[in-house]
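Side chains included, hydrogens not; waters and symmetry mates left out as well; all remaining heavy atoms used. These numbers come from a predicted model, not from an experiment.
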There are 2 protein chains.
Amino acid sequence: MTENQPKKPSKSDRTRAQILKAARLLFAEHGYDGASIRDVAAHASIDPAMVIRYFRSKDELFARAAVIDLQLPALRVLDRNAVGETLIRRFLEIWESPASGPGMAILLRSATSNEFAAEKLRDVFGNQVRPVVAAVADPADPADAGRRAGLVSSQLLGLAMCRYLLRLPPVVALSHDEIIQNIGPTLQRYVVGEDVS
Amino acid sequence: MTENQPKKPSKSDRTRAQILKAARLLFAEHGYDGASIRDVAAHASIDPAMVIRYFRSKDELFARAAVIDLQLPALRVLDRNAVGETLIRRFLEIWESPASGPGMAILLRSATSNEFAAEKLRDVFGNQVRPVVAAVADPADPADAGRRAGLVSSQLLGLAMCRYLLRLPPVVALSHDEIIQNIGPTLQRYVVGEDVS
DNA sequence: TCCATTTGTCAACGATCGTTGACTTTCTAG
DNA sequence: CTAGAAAGTCAACGATCGTTGACAAATGGA
């Protein structure tokens, strides 16, 4: 087995990173179809052919750009009465902290017309959102956990759509506190509220 | 002034309607970019040139296909305690009754990558959702009505995204009753609940 | 220094798209 | 019946796109 390359900030790695950065920016802003490889190349000050060289195709470039780890906090059963607020606070970090990157915007922007993005988004739900919700929901009823996680996702994806993609004026105008105080209780009820059959 | 044409199901009107029907179907399923004029023409068993002849361009065809009237019930102050249920029931009709057509799907599918669709969706919010919510909210505070309508839209658009476009399995699996019993109270609180500054 | 590998440039390909104009067929009014 | 308008067909245009291959420049280890 060969070395993994512990040290190698070689020339190629830098341009590779430049391309990926430009791709993430443009995919997040214009979606899969709206961002052409030529646009990405121009933004990275490179030839379009290089984009294909480093990533084998536009699809693979998008797949690389769409990697995302929500890093949702592990909801402990202890703070059952604060899960709503905890979730909505993390949501705001993911979407508005520059450190988090535009990962979710990339997926959400393209999920309506690109099946790969849609599938990836369903994966994020199943592997990152659902387990976290399930940890505080009824452990004896896995279907219930899925339902609760689905409700949570419907509210959070809707808020993201209205605030960051559609830019609905009254939703953009909401302050962080207003969002927390309004959406938090909704999520709280979805996760731990006593609901229906 | 000439007659308006009270009777004229002429040949052209029929093909014109066929084209529009095919366009609405394909735009709703694949979005603005994903549905080509050639696809629409094939679905209408017609030549692509005819699509341009009847509608002047793809943009105008989309504009014609994206016309929508939500026909939201006028919320009277009387039934203040049922606005949530009323709204979510109408939501289900709009999205699942064949009579309503795929109007909202057309807009939502393209709104993330097509500025016209996004603007049109903001129009629907401002002219159809917001006034209805404002009718039962505090009439002395128009900004408050906008905020409440925005919250309502975030939940409803998110539900539509998850259930009809993204097709998130647990959200697709929800029965009408489950949706009404879970989303209804959320909308109720957004519209008439005592909230924050 | 020399040479092989890497990195980058350039022009072009085939495909798809919206759109156009010339042409033919079909329908209908006088 | 016939002329003219309406409806429909066909081939092609220019543009954009993802992708490719041939070629030039730069780099770095021997």
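- The distance between atom CE of Met50(B) and atom P of dT25(C), rounded to the nearest whole Å, is 16 Å.
- Residue contacts for Phe55(B): at a heavy-atom cut-off of 4.0 Å it reaches no nucleic acid atom on any strand shown.
- Counting non-hydrogen atoms of neighbouring residues, nucleotides and ligands closer than 6.0 angstrom, the CZ atom of Arg64(B) reaches no more than 12 such neighbours.
- Residues Tyr54(A) and Thr15(A) bring a donor and an acceptor atom of their side chains to less than 3.5 Å of each other.
- Of all nucleotides listed (dG18(C), dG8(D), dT19(D)), dG8(D) comes nearest to the side chain of Tyr54(B).
- Remark: C1' of dA15(D) and NZ of Lys58(B) are 14 Å apart, rounded to the nearest angstrom.
- Side chains of Tyr190(B) and Thr186(A) form a contact here, defined as non-hydrogen atoms less than 4.5 Å apart.
- Of the listed nucleotides (dG18(D), dT20(C), dT20(D)), dT20(D) has the atom at the smallest distance from the side chain of Ala49(A).
- Atom CD1 of Ile37(B) and atom C1' of dG18(C) are 6 Å apart (whole Å).
- Per the geometry, CZ belonging to Arg53(A) stands 16 Å off P belonging to dA26(D), to the nearest Å.
- Nearest-nucleotide assignment on DNA chain C puts the 5′-proximal partner with Arg38(A), out of Pro48(B) and Arg38(A).
- Of the side-chain N and O atoms in Thr15(B), none sit less than 4.0 angstrom from OP1 or OP2 of dA7(D).
- The nearest whole Å value for the distance from the CZ atom in Phe62(B) to the P atom in dG18(C) is 13 Å.
- Arg122(A) places a side-chain N or O within 3.5 Å of a backbone atom of Leu166(B) that can act as its donor or acceptor partner.
- Taking every side-chain heavy atom of Asp47(A) into account, dC10(C) is the closest of dC10(C), dG8(C), dG18(C).
- Judged by distance alone, the side chain of Arg148(B) and the main-chain N or O of Gly193(B) form a donor-acceptor pair under 3.5 Å.
- Rounded to an integer number of Å, the gap from OH of Tyr32(A) to C1' of dC17(D) is 11 Å.
- The side chain of Ile46(B) approaches dT9(D) more closely than any other nucleotide in the set dT9(D), dG18(D), dG8(C).
- The distance from atom CG of Asp33(B) to atom P of dC17(C) is 11 Å, rounded to the nearest whole Å.
- Atom CD1 in Ile19(B) sits roughly 11 Å away from atom C1' in dG8(D) (whole-Å rounding).
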